[in-house]
Every structure is written in structure tokens, then in C-alpha cells.
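The structure appears right after this line, and notes come after that.
Since the model is a prediction, treat every value here as computed from it, not as a measurement.
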Amino acid sequence: MKYLIWATALTLAACGNTGQTDNPARAAVQSVLGRVTGQEPKPPAMNAAALINADPGESLIVRIVDRDVVAALRLTAVNGDRVTWESPGEVSMTFENGILVATRGLTEDLMGADIAGVRAALDIGGGTAIRQHSYLSSEDQITVATMTCIIDPDGTEDVITRGGTVLAVKYTEDCTGPRLVFSNSYWFNGSQLVQTRQLVSVAMGYIQSNPF
Amino acid sequence: MRRTSLTLTTCVAALVASPATPQDTTSYSLYGTPGLIEMPNARSGKDAEIAASFNGFSAHQRAAFTFQVTPRLSGTFRYAGINDRPGDLFDRSFDLRYRILNEGTFMPAIAVGLNDFLGTGILSSEYIVASKRFGDRLDVTAGLGWGRLGTRNGVTNPLGALAPSFKERPDRDFGFGGEIEANQFFNGDMGIFGGVAYRYSDKLTLKAEYSSDDYTRETRFGSVGNNSPINLGLSYLYYENVGFNLAYLYGSELAAGVTLTLNPRERMMISGIETAPVPVPRRPTDPRAAATWGTDEPTLVAALAAEGIRLDSYDVSADTMARVRYTNLRYRSEAQALGRTARVMAANLPAAVETIVLEPMQNGLPLSATTISRSDLENFETAAEGASVIRDRSTTTAAGPNTDLTPVSTTLDPAFQWGIGPYATLIAFNGNEPVQLDVGLEARASYRITPGLFTQGTVQQSALGPRELAEVFENPNSYPNVRTDGDEFGLDGYAVIQDLTLAHYGRLAPDVYTRVTAGYLERMYGGVSTEVLWKPVDSNLALGAEVNYARLRETDMLLGFQEFDTVTSDLSAYYSFENGFHTQFSIGQYLAGDTGVTFALDREFENGWSVGGYLTLTDMPFEEFGEGSFNKGIRVTVPVDYFFGNATRREVSSDIASLQRDGGARLNVDGRLYDIVRDGHTAGGFGDTFGRFWR
């Protein structure tokens, strides 16, 4: 009985007024519980009601392709051409003229990206551009991956938007570099970017974004 | 939601540069070092790899910790149970291996090693070994061994041609252990060993070897059958970093074991999973909007508190500049905390403010001052080279004076903090018990009078009840028992006061920091500890001095004291090399009144890991010191965020190979200046982790 009391005390007794975010064991337990209950702590899955209630023009629907989780991101800041969106679980994604340039809060974030050449090539219907991505290393250093990207039109496809299904011109961006090889896609309806599929990082894979 | 356009599923991002090849995975021997079954080979672990292993058979049970110190040099600490006599024998041993030649197209890799070269030397041997791969599956090894590795069919040492003394291996005069036994190195008969490892699959490696270790003493005692020199074994990689060993040794013994590997340079949660920072908004260009945009203190306090930052004081008296002092409560990296603070400021300050001065504090000490242009924050937040641009365009100096700063009137970080939780303490190498565990409940409380003056205490209640005094290897000496009596503390099973102190931190000059801690400083001692440290923001060198008055506490660890008291003092120099190695050299007087020097060498990783060792030589004679001859140990510091990925300043430090004796003993005071101060410096944690600025 004595041992039972102690076991209970040791399991339950972890309390105080110091910051609970500072308790890694608790975070780990929550993370495991989240997996058990089907609720990944991050990024949080969106339910259909939240999608429907999202404000028009103020939301971005993002799907992490490999994990098949979907979230509605809310606009939090505008800085010139850069727009930052944030999920209910406080993961943020920043797009520059529609192209992903940063994420924060994923296990392997895209720390930054230089994409001016890519955007310019898209604007003129294709071309070749240099793209740079930066990532944190396990030792907290920034490492930069440089890619040469070929942007080409790739037919037309139907894309669902808030206003209904539209016919969109698809562009494919094939990027090759010594560290990363990937292929992004962009769907334009006129000059409007209605859908993208872009690489975040090796660990996170691609996101699909749809403005809503 | 119907998806009409998601037809593309090809083209997954690939890490082209370095797909892990099976050759990257090191196969560890039953000794816990890279090797065949019992015999070493010329292979090394991946740089910085740590392998913890436990392997055993009838004659030997070995727990080992191997660290790949540099790509070529590895060190192993081992704790072994050896059955070569009636009764249990536990023995510590230490190995070094250096790869003198890398493998080429035709040349094999060649390594030289010293096994158990300190102390009693029951496992001692030396070797030179070559390994060559044929194809990507077969790895062939051959070597020459001395000591244990020269006992089976040993030939007369050819080194005897150089000096006749090489032919005989002198008996080890180990005294009380712990001394380097160099006069034995490569002496005595020489044995020849060798073997093959065949990688059957990515997970399974088959091994066969000819052992030149005759297990002379163990065979005589009967703990090894020793029918054959041939060993057969397999290594099975169950998971990327969990491997199992199974072997049939010497025609009679079955051996099994497990090896766990971990590399401080490889983190699973690469960038961490903490929530996103506040983004930097662009200031409105409309001056009227700017004019109506004010900041009140509570808004800033709350916005920073949401990021785990406590605002301590600020100066917004200038029109275009704002200066803040803050304390990072959440992030291991002060650079990350700086980046978060800068962004909160950029999002909240009036538009006219262009220059932001950020002064991180810890324990009330302002550690540095970084001046950043707000336009740079706006422009480079998502640039590929964003962190290095900010580093190049900002300046970091010593923190400014305290004048002009307004302390915040309210804070969301309570001055009184408390917590109750479980604790677990590993008591390693206590007498003949390899490992003892103490678990129980711990209550902690602290009260911050000012940021630099606070009191804190910890009370522990063991769940295990009264403990027996462990049997120890007694070496009575003429010095006071400043540490050897440590096992007698807190044995009665009642609650103990772990520590209860009042501490003050201050700054005498921009680069000179002070600390005074008074009270119950540690388990065994109370008193007053004073310290002064010189450490410029961009200097890899630091100098410190410490003077302590310590009085022995009662063994019940409550408020009482015993008669013994002492004064200790030391001068220390610290230097961090650019390649990640860090040294400390101290000279001073230790708890038992002995005087001497301490030398420490650690390999530090930017992500907070540190692995190293220290030794202290004092005027206490080795025979007075007793077992081990002098104070030494191996220590590891592990940042908790490495495992969980969530932002936390917690780290776990462990001294894994020390023997608590009376010589070279230092007072254990919490909150020494050097690590606190260095964390906020460009030559230190702040500079090392600047890549996290935008995270």
C-alpha cells in the first residue's frame, strides 16, 4: 500500500506555478496522448465547420501532403509582398507573392528563401531561376541550399476555389541542387494564384495551399 | 473536400548529398568499442557518436560508454564485473584509440589503441590493427596485441630488438589505481589476432575472429571454458540506434549484449517544435497613423510574456531608439530569445522608433547589448541568409549602464515560484554497488526580491525509506573526510534540505561580474560562496576567482552544522577554442585543505551538448587519496530540447565516472557565473546559436 501511495504521488505530483511549457516530460506525454487520440499536437487538424466559418479572403487552407493534415491559417501580418498566416496551433507560414518563403513551428522549418527569380519567371510564363532555401542544422547553424529551377507551363486543370471550380493554368518548377531536388507546382486563374504545392523541407515534405 | 487537381504524387524531395550507407553504421564489440566480437578493429564511430553498451557472459559483464572525441580519436569508459577470483570484482577501465591512417583504395585503415591504461589494469592491452573492406560487405581485420591481447600463442616481442626491456611486461605496480602505467605499454609477448565481419544485410552483420586473449586468470578460476581461440558472433541493428550482440566465445560461452548509440550532432526535431514567433509587420508609411500608434507598458509586458520573455526594464525616452532589458525564461538559445524580443518590439513600438537595443539578462546580470535596425528586421525576416545578415548588420557589446532604465511596474512572471515533483538521483559507483537509484518527491520554491537578489530552496523526501550505509573500500587518511563521508548524508529516510540559499549577482564593471551565495549550499556543506568573473562579450578567454567558507552540515541534512569548517579558493582560466573544444584550468585550495590544480577538457556542441573530462592533482599523496589516486571524472551535459524539440532551458548534467574521495574536492555551488554569463555572449552560446535568431 505504501508503494502504491508513492507510485501515485510520483505520477501525479508535478505541480507548481512555474511555467508548464518548461516541462518536457509533460509535453512528451501530451504528444503521445495526441497521437493516441488521433490529435496530432502540431499542426492541428481542422474540422469542416471551421473551414466553412473561415472569413473569405482571410484564410489559407494548407494541407501537409505527406501527413494528410489540413489546417485553416489566419492572416496575422503583412510586410510588403510578404504575408504571414498562422494556424490555430501557432504554426506560421509566410508567402511572398504567393511563394512559400518561411515556416515556423514545424519539426524542420523552412527558415528563409530567396525566390525573386522564380516569381519573375512565373510572371513571364516560364524560364530558369536560382532559388535558395535556408534550414537550421542539428547544431543550430543556418545551412543554405541553392537550386537551379526550370519553370514551365504544364497544361490546365480544374481547381476548387471559394467561388467554385475554375480552370487553372498549371506551372511546374523543377529544382535541382547538390542538396535538394524537388518539384513545386502553381495553378493560375488569370493572374490569380489559386493553388500551390511547394516544398517545405525534407522532413516535412510538401504543402498544398489554397486561398479561401 | 473534392480534389480535382491533385494528380501529382511523384517527385518527393530527396536528400541527394548523403544517403546513409550501411558503412556509416559502426559495429560495436563486446567491449563497447568499435570492433569485431572481442577483438578491436581499425574502425571508428561517426564523429561525436556516443555508444552506451552492456554486454556480458560468464566471466565478464561490461557496461561501457564510448565517445568518438574527434573523427579519429575515441575514448571508452567501462565498468566491468570480472569473475577471475572468488567474490565479486568491479573494475573501472579507460581506453583510447586513434586511427593513424584512413582507408584508401589499396591501403587498409590502421588504428592504434590502449586498453585499460590506468590503474589496476585487469583488462589492459595495447594493439595496432588494420582493417580493409572488400566490396561493400566484407571487412577484414588483422592486428598485433600486447598485454591481454598477447597472451594466446604470444611470440617474443620483436620490439625487443629496439630495447631488451620490451621483451618482458613488468608487473603493474598500480598502487591505488588511477595512474598511467606507461612502462607496460607494448611490452611483453606479442599476439596476433584477426577476423572478418560480413554485412549480410543492412541490419545483420556476421562476425568471426581469432582471439589472442587467453583469458588466463578466468580460465584458471573456471569462469571460462576456453576450448577454442575462435569466436563467432552477430550484430543485429534492431533500430537505427539500437543494436544487439550475440556471440559464442572460446568454444564454451554464450555472450549477449545491447548497444545504444546517439549522436549529439544529429537531432530529430531539427528546428524544434515551439510555436511560431510574432511576425514583423511593415510600419505604416502614413505619418498620421504612426502618430496615433503608442505603446503602453502592460501591452509590451504581456506580448513578451507570451513568448516566454520577462521584461525587466526599458528606456523609451529617445524618439527613435528603444532599449530594453529582459530575461529569457524559455529558450536554450539567447539568440532565439533575442530574435523573439526584437520581433515583439517591432510589432509594438511607435513607428518612429528605428533603433532597438536589446539587453538579455540572467539572474539579474545584463549579459550583453545588441543594437538592431528595425528596418533590417522588416527586410530580412525570411531571407535565405537572414540570420547572417542580421548578425553582420547588428552590433553586440557589453550591456550599457543601469542609468535611464525604468523598471517595469508589473510583471507576469511571479516573484514567488514553487513546484512539487518527482526526483530521481542516480548514485553511480557507490562502493561495490555499480548503480543505486534514489527516487522521491521534491519541493522547490524561490522568491525574487530583485532580479539579481533571490532566495531559493529544495526539500526532498525519498520514497525508499532509510538506506543502509554502503560498504566502501576504506582508505583511512590523515585528511578530514570531506567527501568520503558523503554516503552518510540523508540516510535516515526523512525529508532533507537539499539546498536553501540567498544569492546576489552583480556587475562591477562592464565585463566583470560577481556572485555571493550564502546558506545551505549543497548536501554536505553550508556557508558563503563568493565569486568574481572577467569575461568580455567577444572574448574566448575568461578569468575567475572564487573564495568560499564552508562548514560541514549534520548528516540528517536539516539545519544543523558539525564542527568541521574550511576555506577553499581558486583562480580559474577558461578558454573556448573555435573547433568546439573548451578548456578550464584552475589552481587553488580544495575542501580538505589540499592545494593543487584542476584541468578540464570538454567538447562542446552548439546545440548545448557537452562531453568531457577533468582531473585534479593536489599535494595530497596518492596513498592518502586512496582508490583512484587522484580526483578525476567524465562528464556529460545534455540539453533537454534535443530530445523533445520543445523550447526549454533545462539541461541534465551528469558526472559519470567520478569517485568521491577527499582529495581535490570542490564545493558544489549552484549558479556559478561562467556558464550563466557566457550564454549571452557572442563568444559563447549567443554567438554559437545565432542561426536560431529567426526561429
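Taken to the nearest 0.5 Å, the CE atom of Met269(B) stands 14.5 Å off from the CG atom of Leu136(A). Remark: Ile99(A) CD1 to Thr382(B) OG1 distance equals 11.5 Å, nearest 0.5 Å. Rounding to the nearest 0.5 Å gives a distance of 7.0 Å between CD1 of Ile270(B) and OG of Ser201(A). The line from CD of Glu606(B) to CG of Asp140(A) is 7.5 Å long, rounded to the nearest 0.5 Å. Here the CE atom belonging to Met111(A) is positioned 12.5 Å from the CD atom belonging to Glu385(B), to the nearest 0.5 angstrom. Note: Arg104(A) CZ to Thr275(B) OG1 = 12.5 Å, rounded to the nearest 0.5 Å.
Taking 4.5 Å as the limit, every side-chain heavy atom of Glu139(A) sits out of range of all side-chain heavy atoms of Trp609(B).
Contact annotation for Arg391(B): neither backbone nor side-chain heavy atoms come within less than 4.5 Å of a heavy atom of chain A. Using a 4.5 Å cut-off between heavy atoms, Glu381(B) contacts chain A through both its backbone and its side chain. If you measure heavy-atom distances from Ser137(A) to chain B, the contacts under 4.5 Å come from the backbone alone. Heavy-atom distances place no part of Asp413(B) under 4.5 Å from chain A, backbone and side chain included. Proximity to chain A is limited to the backbone of Asp688(B), based on heavy atoms less than 4.5 angstrom apart. Contacts between Val144(A) and chain B at a heavy-atom distance below 4.5 Å involve the side chain alone, from C-beta outward. Proximity to chain A (any heavy atom under 4.5 Å) is shown, for Ala383(B), by both the backbone and the side chain.
Across Ala276(B) and Glu86(A), no two heavy atoms sit closer than the pair CB-OE1, 4.3 Å. Contact record, Asp114(A) with Ala384(B): OD1-N, 3.1 Å, taken as the closest heavy-atom pair.
Listed options Gly386(B), Gly645(B), Pro277(B), Ala387(B) were ranked by heavy-atom pairs under 4.5 angstrom with chain A; first place goes to Pro277(B). Comparing Glu378(B), Glu442(B), Arg695(B) by how many heavy-atom pairs each has under 4.5 Å with chain A, the most go to Arg695(B). With chain A as the partner, the residue from Arg267(B), Gln336(B), Met268(B), Arg692(B) showing the most heavy-atom pairs under 4.5 Å is Arg267(B). Chosen from Ala113(A), Ser92(A), Ala168(A), the residue pairing most often with chain B at heavy-atom distances under 4.5 Å is Ala113(A). Note: Gly112(A) leads Ala203(A), Gly112(A), Ala145(A) in heavy-atom pairs under 4.5 Å with chain B.
For the side chain to side chain contact (heavy atoms under 4.5 Å, CB included) with Ile273(B), the lone residue among Thr107(A), Leu106(A), Asp109(A) that qualifies is Thr107(A).
Residues that satisfy the ring-ring contact (aromatic ring centres under 6.0 Å, His included) test with Phe454(B), not counting sequence neighbours, are Tyr505(B).
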